[in-house]
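Just so we're clear, the structure is a prediction, and the values are computed from it rather than from any experiment. In this chain, numbering begins with 1 at the start of the sequence shown. Computation of the quantities below employed the complete heavy-atom set of this structure, encompassing side-chain atoms and omitting hydrogens, waters and symmetry-equivalent molecules.
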Amino acid sequence: MPNSHRKRQRVPHHNPSTTRLPSSSSSSSAIIHSFSDKTISESSQKLHRTSSATSPVTSSFNDPYSADVLLRLFIDRSAFDSESPSDSTRQSDIQIYLHSDVIRRAKYFGALLSECWQHQRKIDANSDNGAEGSRSNDHDHDHNKNLVHLNLPVVDDDPNSITVRITVLQLLYTSDFATIIDSASTAIEILPVALELLFEDCVKACLKFLEAVPWSEEEEKRVLSLIPFLREEESKDLLARVSPGKDDSCEDMLHGLILAAIHNHPNTAFVKAFVAKLLRDFSSRESARRVLERAFETSLKVVKESLEEYTSPDFRGDHNETEAIQRLNLHTAMTNGRHLLWLVERMIELRVADSAVREWSEQASLTADLQRAFRDDAWRNIVPGFPAVVLRCTCKLANAVAAGTILAARQVRMKLVKDWLPVLLVCKDNVSPMLPSHKTLYLELEETFLRIISTLPMSDAQLLLQQCLSFSTRNVEDCPHLITAFNTWFRRATQPPQLENLD
């Protein structure tokens, strides 16, 4: 075969051969019709309805009166271990009348027929010279019917494999493949047979159909199994559907979904819930971590820049313009603060919030800007919920640390309380009226900070506990968490040094 078809030869098949077969049209027709009425009759009718209008082919499929080729299609029992053929195998031995000028569309038959003609010319030459030789069982010409007899074995015990080959043989008689190739499953069944027979027009029709329609998961597996038998230019469109363009395409996709969920989509709540499920179900926890950390850092940067501009405004312009910019800065900080809260919840849910805790504990400049902002009254009528959003982010991360969901280093735990405790105190002193939800949030964060303080060395705990006196209330009995924290510290302080007891 030409070099351009070497890839085709990778498709496993058995060479059909020529042989002497019975020439009775009635017996062969009986066999083929008893095999599959649907395959031969209904499919042939489909092709007859269209072939006259779309194809120059005038020969009819399985026409014994005009055929010059008789093909025997059968299951090759030598490929199976079982010695006795099944009933379906006995029924899958059929004869079909074909036309050499038609089946040459399949280059496999074209090469085979060329070999047959060459062999016949040698026989004729020997006859002309008066040589009497016996004819081979593999290559024979029936002079009465002028038929070339071909064998096409099928190495498959599934009767459907015979049906598919008959369908492909029928397609040789038409140019309108759409009447038969009308589903992905049909195209997938026909394609390997078309590849086996080097039926290029049929291969192109199958590939064109498969490229244009959706696949089920099982169909996708079958398509991928056929890729090695296709040339590169044939497989590239199919592979483009299932092959990522780059190694980090999943992360890019997840990052894009997160940005769409928190920034652009009108149905934000529903979309956030859906993206959260995708993150939970995603197979690579590390990829989810990197995507969330990337989005977290971006939103945190915007909050920091907005607060920095708000607390250090440029008053050189028009007063109204400056006020508008200040309002914009607060709205930007509030919006991205909400994004941060959702991202923090997802990171804690997936237990990938380690970096977020470290980053949150290193925000001395942000916490200073927040304290300056909350001491001013301007934010109250612009973003009244901003303090609660910031403290909820802090509370979520601190709770994860105190519960052991995130195993933070000692320095991280200390800095987390040291930098964010003053923000809590400013909010308690300046945010009024205090809503019930705010009171619950403040109390939860107080308790969490005190629990974290109990994990620190006594010298660090001593400094931080002194800043927690504002947790006390008018009725001492209403702050048991503060009483417990100080009692714990004093109990430890009055114990004998433990290092001396180790000797």
Side-chain angles (χ1 to χ4, degrees), residues 3-13 106-108 155-156 158 160-161 163-165 167-168 171 177-261 264-265 271-295 346 350 352:
N3 291 335
S4 62
H5 299 297
R6 286 178 182 173
K7 195 74 176 282
R8 291 283 184 263
Q9 294 173 354
R10 297 176 60 185
V11 181
H13 60 267
K107 294 178 182 179
Y108 193 73
V155 187
D156 193 340
D158 182 4
N160 189 54
S161 61
T163 305
V164 174
R165 279 162 176 77
T167 301
V168 174
L171 288 173
F177 297 104
T179 56
I180 297 298
I181 305 174
D182 55 1
S183 68
S185 60
T186 300
I188 293 169
E189 288 180 341
I190 289 175
L191 180 56
V193 179
L195 288 168
E196 177 183 328
L197 300 179
L198 300 178
F199 187 3
E200 298 294 337
D201 291 340
C202 188
V203 169
K204 291 177 183 178
C206 290
L207 294 176
K208 182 178 180 181
F209 189 91
L210 288 173
E211 191 278 330
V213 301
W215 310 330
S216 67
E217 185 174 352
E218 181 60 32
E219 288 169 347
E220 182 172 315
K221 292 178 182 178
R222 295 173 64 188
V223 169
L224 292 178
S225 70
L226 295 173
I227 293 297
F229 306 117
L230 299 173
R231 291 191 288 263
E232 181 179 356
E233 65 271 17
E234 295 170 333
S235 62
K236 64 180 181 180
D237 289 338
L238 300 181
L239 285 174
R241 184 187 299 197
V242 297
S243 302
K246 48 186 178 179
D247 293 338
D248 57 353
S249 59
C250 285
E251 294 187 16
D252 283 349
M253 179 64 161
L254 285 176
H255 186 253
L257 292 173
I258 289 173
L259 294 183
N264 303 325
H265 209 280
V271 174
K272 282 183 175 180
F274 181 76
V275 174
K277 174 175 173 53
L278 290 179
L279 289 168
R280 285 194 303 271
D281 297 343
F282 192 64
S283 58
S284 173
R285 187 60 53 88
E286 285 305 310
S287 292
R289 176 199 296 273
R290 286 191 291 269
V291 169
L292 287 167
E293 287 176 355
R294 180 178 166 191
R346 303 288 73 74
L350 299 178
V352 294

Problem - Within-4.5 Å side-chain heavy-atom neighbours: V352 and R285 - result: yes
Practice task
With rounding to the nearest 0.5 Å, note down the distance linking CD in E286 to CD in E293.
Solution key: 8.5 Å
Handout entry: Pair R231 + E200, salt bridge at N-O below 4.0 Å
Key = yes
Exercise for the section: Hey, could you give me the CD1/CG distance between I190 and L195, rounded to the nearest 0.5 Å? Expected result: 12.0 Å
Exercise for the section: Measure the CD-CG distance between E234 and L239 for me, rounded to the nearest 0.5 Å. Expected result: 11.5 Å
Handout entry: Shortest non-hydrogen separation from P214 to R241 and the atoms involved
Key = CA-NH1, 3.8 Å
Handout entry: Any T186 side-chain heavy atom under 4.5 Å of T167 side chain
Key = no
Practice task
Tell me, with the steps shown, if L292 and L254 meet side chain to side chain contact (heavy atoms under 4.5 Å, CB included).
Solution key: CA-CA 9 Å; L292 287 167; L254 285 176; over 6 Å; no
Practice task
Would you mind reporting whether C250 and F282 have side-chain heavy atoms less than 4.5 Å apart?
Solution key: yes
Completion exercise
Tested for side chain to side chain contact (heavy atoms under 4.5 Å, CB included) against L238, the lone hit among L226, L224, V223 is V223
Handout entry: Geometric cation-pi criterion R222 and W215, 6.0 Å radius, 45° cone
Key = no
Problem - Heavy-atom closest contact (A184 atom, F209 atom, distance) - result: N-CE2, 3.4 Å
Exercise for the section: Using the side chain to side chain contact (heavy atoms under 4.5 Å, CB included) rule, take E211 and K208 through it: C-alpha gap first, then chi angles, then the decisive distance, then the call. Expected result: CA-CA 5 Å; E211 191 278 330; K208 182 178 180 181; 6.0 Å; no
Exercise for the section: Work out which heavy atom in E251 is nearest to a heavy atom in S287; give both atom names and the distance. Expected result: OE2-OG, 3.3 Å
Practice task
Would you check if V271 and L257 make a side-chain contact, meaning some heavy-atom pair closer than 4.5 Å?
Solution key: no
Exercise for the section: Let me see the working for R289 and L350 under side chain to side chain contact (heavy atoms under 4.5 Å, CB included), right down to the final yes or no. Expected result: CA-CA 8 Å; R289 176 199 296 273; L350 299 178; over 6 Å; no
Practice task
Decide yes or no for R165 and L197: does some side-chain heavy atom of the first lie under 4.5 Å from some side-chain heavy atom of the second?
Solution key: no
Practice task
State, yes or no, whether a side-chain contact exists between L207 and L230 at a heavy-atom distance under 4.5 Å.
Solution key: yes
Handout entry: Between CZ on residue F229 and OG on residue S235, distance to nearest 0.5 Å
Key = 12.5 Å
Handout entry: Residue pair L210, D237: steps toward the side chain to side chain contact (heavy atoms under 4.5 Å, CB included) verdict
Key = CA-CA 10 Å; L210 288 173; D237 289 338; over 6 Å; no
Exercise for the section: Could you grab the distance from atom CD of E189 to atom CD of E219, nearest 0.5 Å is fine? Expected result: 10.0 Å
Completion exercise
In this structure, CG of L171 is separated from SG of C202 (nearest 0.5 Å) by 5.0 Å
